Amino acid sequence: MNSRASGSSGCASRAFDRLHPTVQRWVYRRGWRTLHEIQELAVEPILNGDDCIVAAPTAGGKTEAAFLPVCSAIASAPTPSVQALYISPLKALINDQYRRMEELAEDLGLPVFPWHGDVAGSQKQRFLAKPGGILMITPESLESLFVNRGTRMKGLFSGLSYVLVDELHAFIGMERGKQLQCLMHRLELVIRRRVSRIGLSATLGDMGLAAEFLRPGGDREAVRLIVSTSAVSDIVAQLRGYRVSEPEGQPPAALTSRPGQACSSQGGSLAPVVEHLFEVLRGTHNLVFANSRSRVEAYADALRHLSDATRVPNEFVPHHGSLSKEIREDAEVRLQDTSRPCTAVCTSTLELGIDVGDIECVAQIGPPPSVAAVRQRLGRSGRRGGRPAQLRMYVQEPEITPETHPQDMIRAQLVQSVAMLRLLGRGWCELPRPNQLHLSTLVQQVLSMIAQFGGVRAGDAYGALCRSGPFAAVSPTIFADLLRCLGEKDMITQSVDEALLLGSAGERIVNHYSFYSAFLTPEEFRIECKGVMLGSLPVDTCLEPGGYLIFAGRRWVVDEVDDKHKVVYVQPAEGGVIPHFGGTGGVVADQVREEMRLVYEVEHEYPYLDEGARDLLDEGRREYREIGLAGRGVLPWGASVLLFPWVGDRALNTLTMLLAGRSLCACRAGVGIEVQRCNVAKAARHLHALAEAGLQDPLEVARRVKNKRTEKYHWCLSDELLTADYASSSVDAAGAARAVENLMASL
DNA sequence: GGTGATCGTGCGTAGA
C-alpha cells in the first residue's frame with residue numbers, strides 16, 4: 001500500500017473522525033495523509049449497518065475501506081462470538097488478508113481466525129474454544145460448520161454484526177454463488193436477525209444485479225453502492241493479426257513431435273506469434289493469457305524452445321489450475337521477483353486474487369472468453385505509477401483455400417476481438433443469467449439443513465430455502481418433486497412425525513468431506529517425477545508407458561501408469577505431445593454478436609490494428625459482402641443453408657434445437673447455424689412457421705436435449721427436474737424468437 | 001475412420 005500523496009494536514013475528515021481512535025492511530029502509523037475516496041465514502045454507510053457494495057479498481061484500497069469502519073464498530077462492542085465474518089473464494093486470499101489485518105486487529109484487541117482446508121486443526125480448536133472477533137473463511141468451510149457444528153452455530157454467531165464477501169463478482173451467477181447466498185441466509189435464520197452484508201468487487205457489469213445478489217429478494221435501493229470515481233488509467237492496445245496454414249482452433253493434441261525434434265508448433269502455426277512474444281516481452285514482467293491449459297503448455301514449450309535455440313535464459317513459465325501447488329507458487333514468486341524478468345503464460349488462474357506484482361503488459365492470444373475477463377485481466381497491468389495499462393492481442397486466422405468454410409472466410413475471430421474491444425471501451429461487460437433454478441445446489445442445501453438440525457420438516461425447508469430464501473424461483477411443486485427424487489435415491493427418508501431425515505445414501509454423502517463444495521471436479525491422474533508431484537490430468541487422457549508428454553512447460557516420457565492409485569510416473573525426455581484437458585465451450589453474449597455485425601457493416605478504421613489485422617479485417621468485410629451477408633442472414637451454401645442471425649450462443653443453440661425439432665439437419669457452425677440438405681425456400685418456410693408459432697416453451701426445447709447432467713447432484717434428479725434446470729440455465733426462447741425475426745427480416 | 005470443444009474454485013473428524 002502506497003502512502004497517499006496529499007498536501008492536506010493529517011487525515012482529518014468527517015469520515016476519519018468517526019473511526020475508532022485506535023484505528024485512527026493505525027492509519028497514522030502507516031503514513032497515510034488522507035483516506036482514499038472509496039474509504040471516505042464507505043465509513044458512514046458501514047457504521048450505519050447498511051448493506052453495501054464497495055467497488056473500486058484492483059489495489060484501490062477496498063479491503064481497508066470495509067475493514068476500517070467494520071473494526072471500528074466491533075471494537076467498541078466486544079462479544080464472546082464472531083462479530084465479523086469475512087468470506088473469500090480463495091484460500092490464498094484469506095492468508096493474504098489475514099496478514100494485512102493482523103496488526104490492526106491486535107491493536108484493537110480483536111482476535112482474527114483464518115479457517116480453510118489448509119488451516120491446522122489446533123487453530124480451529126482454538127477458535128471453537130474461544131470464539132470472537134473476525135472469522136475469515138471459505139464458503140465450503142462455512143458449510144462444514146453448519147454440517148458438523150449445527151447445534152453450536154447460534155452460539156458461535158449470536159453477536160454477528162457484519163458479513164463481508166470478497167471478490168463478489170467471482171460468485172455471481174455460479175453454483176457457488178447460490179451456495180453462498182444460502183449460507184448467509186441460514187446464518188440470519190439461526191440467529192434470528194438481519195446482519196449487514198458488504199460485498200467487495202473490482203469488476204461489476206450491473207450494480208443493480210449485484211445488489212440483488214447480495215440481498216436476494218430484498219429492496220435493491222436499500223443496498224448502498226459505494227463506487228470509486230477515480231479514473232481508470234488509459235489503455236494502450238494493439239491487435240495483431242496472423243495468417244496460418246492450420247486454423248488456430250486446431251486441437252492442440254495435433255501438435256506433436258518425436259524425440260530430438262522441436263514440436264511442430266515451432267515451425268507451424270504458433271511460430272510468428274511466439275517469435276513476437278519472445279521479442280517484445282523478454283526483459284520485463286508480463287502475463288500472457290492463452291485461453292486454455294493445452295495452449296498454455298503449447299506456448300510455454302515453444303517459448304522455452306526458442307530461448308534454448310537462441311542460447312538465452314528462459315523467462316517464460318506456465319501457470320494453470322492443473323499444475324501442482326509448488327510449481328504454481330514458484331511461478332508466482334518469479335513473477336514478483338523484480339531482480340529478474342519473467343513472463344507467465346497462464347489461464348484465468350492469474351486473473352484474480354494473488355498479487356502478481358508490477359506487470360508491464362498483458363497479452364491475450366485468441367479472442368478473449370468474455371469482455372468481463374479482458375477487463376479483469378487488464379486490471380493486472382499498469383497498476384503503479386499511473387502508467388496506462390498495456391494490452392497486446394494476437395489473432396490467428398487460417399489461409400483461405402477453395403475448401404474454406406464461409407465461417408472462416410469472414411474472419412470471425414478477428415471481428416469478435418474488435419467487437420469486444422469496442423464494448424470494453426464503452427464500459428460494457430457480460431451479465432450473469434438471472435432466475436436459474438440451480439437444483440443441484442438446492443439438493444446440497446436440503447441435505448445440509450437436515451444435517452444441521454438432525455432433521456427438518458419439508459415445509460420449514462421450503463420456507464427457509466425458497467419462500468424466504470435465495471431459491472425464490474423454485475415452486476412448491478418443484479420442491480416436492482425434488483424431495484420425492486431424493487427419497488427414491490435413499491438420500492432422505494421421512495420419520496413418523498413427518499420430519500425429513502438423511503437416508504443411508506445421504507448419510508454417506510454428507511459425512512464425506514467432498515460434500516461441502518457445490519461444484520463438481522472430474523477424476524484425475526496425478527503426474528509424478530521422482531517423487532515430485534507435477535500436477536494432474538483428467539483420467540480419460542490416453543497415457544501409455546513410453547508415450548511422450550508436454551507438461552508444466554517441460555517434456556516427459558511416461559514410465560509407468562498406476563491405474564489403481566491414479567498416478568502417472570514420468571521422466572524428462574526430448575519429445576512431447578500437448579495433452580488434452582477436456583472442458584466444454586464458453587458462452588458468447590448477444591451484445592458481442594450484435595457488435596460483430598456492426599464491425600462488418602460500418603466501415604470504421606481501428607488505429608490499434610497492425611497491418612496483418614487490418615488486412616484480415618478488410619478481407620473479412622469483403623467476404624461478408626461477397627458471400628451476400630450484407631443485410632442478409634440466410635445463405636445457400638452447396639447443398640446446405642447457412643443462417644447468421646447475429647445473436648449470442650444460448651439463442652443460437654436454442655434456435656438450432658428448434659430447427660432440429662422440425663426434422664431439419666441443423667448444427668452449430670461457428671457464429672452461425674448450418675442446415676444440411678436444405679435450400680433457402682425450405683429454410684424460409686420453417687422460419688416462417690417458427691415465427692407463426694410464437695414464443696416456444698423452454699421446457700419443450702430442453703426436453704429434447706440428451707446430456708443434461710452437468711452439475712454435482714444432477715444424478716439425483718428426475719428427467720423432468722433436469723429438464724426444468726436445463727431450461728432455466730441454457731435455453732433462451734426469447735433470444736431464439738429474436739433470431740428468427742432477424743432472419744425473416746433479411747429474407 | 002474421424003471430427004468439434006473454457007477456466008476456476010473447495011474439503012471433517014476420529015482414531016492410532
Side-chain angles (χ1 to χ4, degrees), chain A residues 87-94 115-122 124-125 128 137-150 166-167 169-180 183 247-254 289-297 319-323 325 328 346-354 364-370 372-373 376-377 405 407-408 430 441 444 448 451 507-522 536 538 540 580-588 649 653 656 667-670 674 707 710-712:
Chain A
I87 306 175
S88 151
L90 300 171
K91 292 187 285 192
L93 209 55
I94 289 177
W115 183 310
H116 56 67
D118 298 343
V119 171
S122 55
K124 293 176 178 171
Q125 287 307 322
L128 292 170
I137 200 164
T138 57
E140 288 74 16
S141 284
L142 186 55
E143 190 78 68
S144 81
L145 283 178
F146 271 106
V147 170
N148 299 309
R149 321 271 167 186
D166 210 346
E167 306 275 13
H169 59 273
F171 288 107
I172 301 179
M174 320 280 293
E175 293 149 272
R176 223 178 165 200
K178 195 46 80 178
Q179 177 186 27
L180 171 68
L183 294 170
E248 218 270 331
Q250 192 86 339
F289 289 95
N291 287 358
S292 74
R293 288 168 289 189
S294 327
R295 252 177 238 142
V296 165
E297 291 292 351
H319 193 287
H320 59 74
S322 294
L323 295 173
K325 200 176 164 205
R328 284 160 68 169
C346 59
T347 58
S348 50
T349 37
L350 292 181
E351 225 173 73
L352 59 96
I354 317 141
Q364 167 70 48
I365 303 175
S370 66
Q376 191 76 30
R377 290 169 186 188
H405 195 277
Q407 58 167 324
D408 288 323
E430 290 83 359
T441 307
Q444 183 207 32
S448 177
E507 278 295 349
R508 212 166 42 242
I509 283 166
V510 172
N511 287 332
H512 193 266
Y513 57 76
S514 58
F515 173 70
Y516 309 125
S517 65
F519 54 86
L520 191 67
T521 16
S536 55
D540 55 6
H580 183 67
F581 290 87
T584 51
V587 174
V588 174
D649 277 339
N653 290 338
T656 309
C667 59
R668 279 288 308 273
E674 179 168 348
N707 275 325
T710 50
E711 292 179 4
K712 194 170 180 183

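None of the values given here were measured: they were computed from a predicted structure.
- For A:L90, the side-chain contact (heavy atoms from CB on, under 4.5 Å) partners at least two apart in sequence or on another chain are A:S88, A:L93, A:L352.
- Residues satisfying the side-chain contact (heavy atoms from CB on, under 4.5 Å) criterion with A:A92, sequence neighbours excluded, are absent altogether.
- Within the 4.0 angstrom heavy-atom criterion, only backbone atoms of the sugar-phosphate kind lie near A:G582; the bases stay farther away.
- Of the candidate nucleotides B:dC11, B:dC7, B:dT9, B:dC7 has the atom nearest to the side chain of A:R293.
- Residue A:E140 has its side chain nearest to B:dG10 when only B:dG12, B:dC7, B:dG10 are considered.
- Applying the side-chain hydrogen bond (donor to acceptor under 3.5 Å, both in side chains) test to A:Q179 and every residue at least two apart in sequence or in another chain returns A:E143.
- Counting any heavy atom pair closer than 4.0 Å across all strands shown, A:S141 reaches sugar-phosphate atoms only and no base atom.
- Shown here are the side-chain contact (heavy atoms from CB on, under 4.5 Å) partners of A:N148, two or more places apart in sequence or in another chain: A:S144, A:Y516.
- Every residue meeting the ring pair (Phe, Tyr, Trp, His ring centres under 6.0 Å) condition with A:F581, not counting sequence neighbours, appears here in chain and number order: A:H320.
- Remark: A:Y513, A:S514, A:Y516, A:S517, A:F519 in residues 510-520 of chain A come within less than 4.0 Å of DNA chain B through at least one heavy atom.
- The closest side-chain donor-acceptor pair between A:H319 and A:T349 falls under 3.5 angstrom.
- Look at A:T138 and you'll find a side-chain N or O under 4.0 angstrom from OP1 or OP2 of B:dC11.
- Applying the 4.0 Å criterion to OP1 and OP2 of B:dT6, one finds that A:S348 has every side-chain N and O outside that range.
- Proximity of A:K91 to the phosphate of B:dC11: a side-chain N or O atom is located under 4.0 Å from OP1 or OP2.
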Taking only nitrogen or oxygen atoms into account, show me every contact under 3.5 Å that the protein makes with nucleotides 14-16 of chain B, one pair per line with its distance.
none

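- A search for side-chain hydrogen bond (donor to acceptor under 3.5 Å, both in side chains) contacts involving A:Q407 returns nothing, not counting sequence neighbours.
- Between A:I94 atom CD1 and B:dG10 atom C1' the separation is 10 Å, expressed in whole Å.
- Remark: A:S517 pairs with A:E140, A:F519, A:K712 by the side-chain contact (heavy atoms from CB on, under 4.5 Å) rule, at least two apart or across chains.
- At whole-Å resolution of the value, CD in A:Q179 and C1' in B:dG10 are 9 Å apart.
- Counting any heavy atom pair closer than 4.0 Å across all strands shown, A:R328 reaches sugar-phosphate atoms only and no base atom.
- Here the nucleotide nearest the side chain of A:R295, chosen from B:dT6, B:dT9, B:dG12, is B:dT6.
- Base engagement by A:G586 is indicated by at least one non-hydrogen atom pair under 4.0 Å involving a base atom.
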